[in-house]
Amino acid sequence: MSKEKQTEEQSDKVVTRYERRVEKRKKEEEKERRSWKRFKIASIVVLAAVAVAIVFSLGTSFYSRYTVLNKTYFQVGDHDVTRLEYNYYFNNVYSNYLSMYGSYASMMGLDTTTALDEQTYPGNENMTWKDYFDQSAVSQLQQIKAMADEAKANGFEYDSAEDLAAYETEIAAQAESASVTENDYYTLMYGEYATRSRIEKFVEENLYASAYYNHLIEENQPADEEIAAYYADNKDSYDTVTYRSFYFEVDTDPEESDASEETSASEETAAAEETAAEAETASEEETGMTDEEIAAAMDELKVTADEMAARLEDGEDFEALCVEYADEDRKEDYGGEEDGSLNEESSYYETPSAVAAWLFEEARTEGEIAVLESESLNRYYVVQFLSRQNDEEATNEAIGNLLASQTVSEHVAEIAQECAVTDVAGELHYLTVPEETEGTDSETEAESTEAAETEAAETTASETTETVAEESTAADGQ
């Protein structure tokens, strides 16, 4: 992808509140689409031991061998959970969180160099990050226990040998990568009394519950009619468009024009977080132009954009016109082998917000041309719609798994609630703190944390997708 195309697609992502809600819903749906793999993925270690060892500065050094291996730490339903088993789940939750957000964890207020029980969790001023991960780990453990109990009661059978071997192979690879022995790796990951044989039973139960969960997904696939109805209501989330585009932009700071083309992805993401109102009210000091001057320049751009659109309507070549109209520092992006104006199979959420709504209207016809304004970025786009497409097989599979996972997730949540948590050791502090305190800034902090997580997830989307794919391959390699 050319530098021009990346700049165009990434920087014009100033969105309305409605678009934010749509995006949030899409992310929730994507999370549900992948949830059917969740349990198997949870069994695969995804971080090097050195990074995860930070967690267990809170770990087992103050506990005796007997306490860690035999004494009940807390109960989940009828199941006694030891400190070692808790360590196993806590580590998975924490490592997966860091794997998802990496260096962006600090944006959510998490300092990986400081003890977790010394840091307030932004989503609730009454909780620490230790409480947050405790809650997540215990919740996952409740689900695993409930799923395993139900699977046994229903006579579900599953041979874990192959999946267990894949897990142990992954552990060996991680240990080699960390330049430690496998025995030392287990200790670093799960505490000083952890060994392969002691951890193995937790992994096997996790994999057993995973297999049963996936079995339920298959058993609860929706009817074709239900899939078709869902797709009809959510086409923009599954279709892609192919189009050509070129933009004219007001140069608000000529001295910085060259540098603007080199804006980093993180800077573009930060710019995209500004509201349209904030962008429109940028001061003369910041832009080098008054609002009136920008408006006059935009009027001139509109004339030029309309001229280009008219020439396209008369049959002139889009790419050739891009070469003609582009500034000197942009000409190299057009007219070459890459065909810089062409955007193929772009999703709604990958498409610049100024043009997405128009492109995804069902009334669009092949070859249709429009001039569209981006007020927030002081641009006019000239856009030509070419086609709208959908991978029916992939879409039907994704929707089927989404709807099935919603059904199964509701079921799992119900049976997990039946596995009540009893804090035998008295160390699960999240059970006793208020969820939120009214009249404080906790709600605002929670929203800020969510926004930071969204930004981090967007910025690391390709990396996350690759990680999930690798984990799924390892977990599903049977």
Side-chain angles (χ1 to χ4, degrees), residues 1-16 18-20 22-27 29-30 33 231 234-249 261 263 265 268-269 271-272 305 308-309 312 317-319 321-322 326 330 333-374 376-377 379-395 397-399 454-455 457-466 469:
M1 180 179 289
S2 69
K3 178 179 66 179
E4 154 67 21
K5 194 175 298 183
Q6 287 176 321
T7 301
E8 176 181 340
E9 292 181 354
Q10 292 176 347
S11 62
D12 189 21
K13 299 308 292 181
V14 177
V15 294
T16 65
Y18 169 75
E19 288 171 324
R20 289 183 187 277
V22 171
E23 174 70 0
K24 182 178 180 181
R25 184 185 69 180
K26 176 180 177 290
K27 290 181 183 297
E29 290 177 351
E30 178 63 23
R33 276 196 287 271
Y231 167 69
N234 298 275
K235 286 186 177 181
D236 287 356
S237 294
Y238 297 95
D239 289 357
T240 60
V241 292
T242 297
Y243 66 99
R244 290 186 180 276
S245 70
F246 179 85
Y247 69 83
F248 297 90
E249 183 176 48
E261 291 298 324
T263 303
E268 288 168 352
T269 303
M308 179 179 177
L312 289 169
D317 181 72
F318 200 112
E319 189 76 6
L321 288 177
C322 290
R330 293 172 58 197
D333 295 317
Y334 301 99
E337 295 182 2
E338 190 173 329
D339 204 357
S341 65
L342 182 64
N343 300 268
E344 297 182 286
E345 298 186 2
S346 179
S347 74
Y348 186 94
Y349 304 98
E350 294 170 332
T351 305
S353 56
V355 304
W358 182 84
L359 283 169
F360 279 82
E361 288 180 3
E362 294 199 38
R364 294 284 75 79
T365 57
E366 182 179 357
E368 192 171 355
I369 296 166
V371 175
L372 303 167
E373 181 181 7
S374 172
S376 60
L377 294 176
R379 287 180 180 177
Y380 274 105
Y381 285 88
V382 179
V383 183
Q384 183 178 41
F385 176 86
L386 298 179
S387 64
R388 178 169 178 156
Q389 47 275 324
N390 175 265
D391 185 336
E392 184 176 357
E393 182 178 352
T395 293
E397 181 180 359
I399 293 175
T454 298
E455 181 177 344
E458 289 173 348
T459 307
T460 60
S462 61
E463 178 181 340
T464 299
T465 301
E466 181 179 351

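These numbers were taken from a predicted model, which means no experiment stands behind them.
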Query raised in the report: How far apart are the C-alpha atoms of V382 and Y247, what are their side-chain angles, what is the distance that settles it, and do they pass the side chain to side chain contact (heavy atoms under 4.5 Å, CB included) test?
Result: CA-CA 6 Å; V382 179; Y247 69 83; over 6 Å; no
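- When only modelled atom types and interatomic distance are considered, R379 and S374 share no side-chain donor-acceptor pair under 3.5 Å.
- For F360 against S347, the heavy-atom pair with the smallest separation is CZ-C, 3.7 Å.
- Listed here is the closest heavy atom pair of S245 and N343: OG-ND2, 3.4 Å.
- Taking both residues in full, the closest heavy atoms of D236 and Y348 are given as O-CB, 3.5 Å, listed atom of the first, atom of the second, then distance.
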Requested in this report: Determine, stepwise, if the pair Y243 / F385 fulfils ring-ring contact (aromatic ring centres under 6.0 Å, His included).
Outcome: CA-CA 5 Å; Y243 66 99; F385 176 86; 8.7 Å; no
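- Remark: side-chain polar atoms of D391 are paired, donor with acceptor, to backbone N or O of A394 under 3.5 angstrom.
- Under the 4.5 Å side-chain criterion, counting only non-hydrogen atoms from C-beta, Y238 is not in contact with E392.
- Here E350 contributes atom CD and E345 contributes atom CD; the two are 10.0 Å apart, rounded to the nearest 0.5 Å.
- Contact detail for A309 and I369: the closest heavy-atom pair is CB-CG2, 4.0 Å.
- Taken from CG in D239 to CG in L359, the straight-line distance is 12.5 Å, to the nearest 0.5 Å.
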Query - Step-by-step ring-ring contact (aromatic ring centres under 6.0 Å, His included) determination, F246 to F318 - result: CA-CA 9 Å; F246 179 85; F318 200 112; 7.6 Å; no
Requested in this report: Begin from the C-alpha positions of R244 and C322 and carry the test side chain to side chain contact (heavy atoms under 4.5 Å, CB included) through to its verdict.
Outcome: CA-CA 10 Å; R244 290 186 180 276; C322 290; over 6 Å; no
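- Using a 3.5 Å distance cut-off with no hydrogens or angles, the side chains of E366 and S387 do not pair a donor with an acceptor.
- Atom-to-atom distance recorded for L372:CG and S353:OG is 11.0 Å, nearest 0.5 angstrom.
- Using a 3.5 Å distance cut-off with no hydrogens or angles, the side chains of S341 and E319 do pair a donor with an acceptor.
- Between F248 and Y380, the ring centre distance reaches or exceeds 6.0 Å.
- The closest side-chain heavy-atom distance from T242 to L342 is below 4.5 Å.
- Side-chain contact between T240 and S346 is absent, with no heavy-atom pair separated by less than 4.5 Å.
- Between the side chain of N390 and the backbone N or O of R388, no donor-acceptor pair lies under 3.5 Å.
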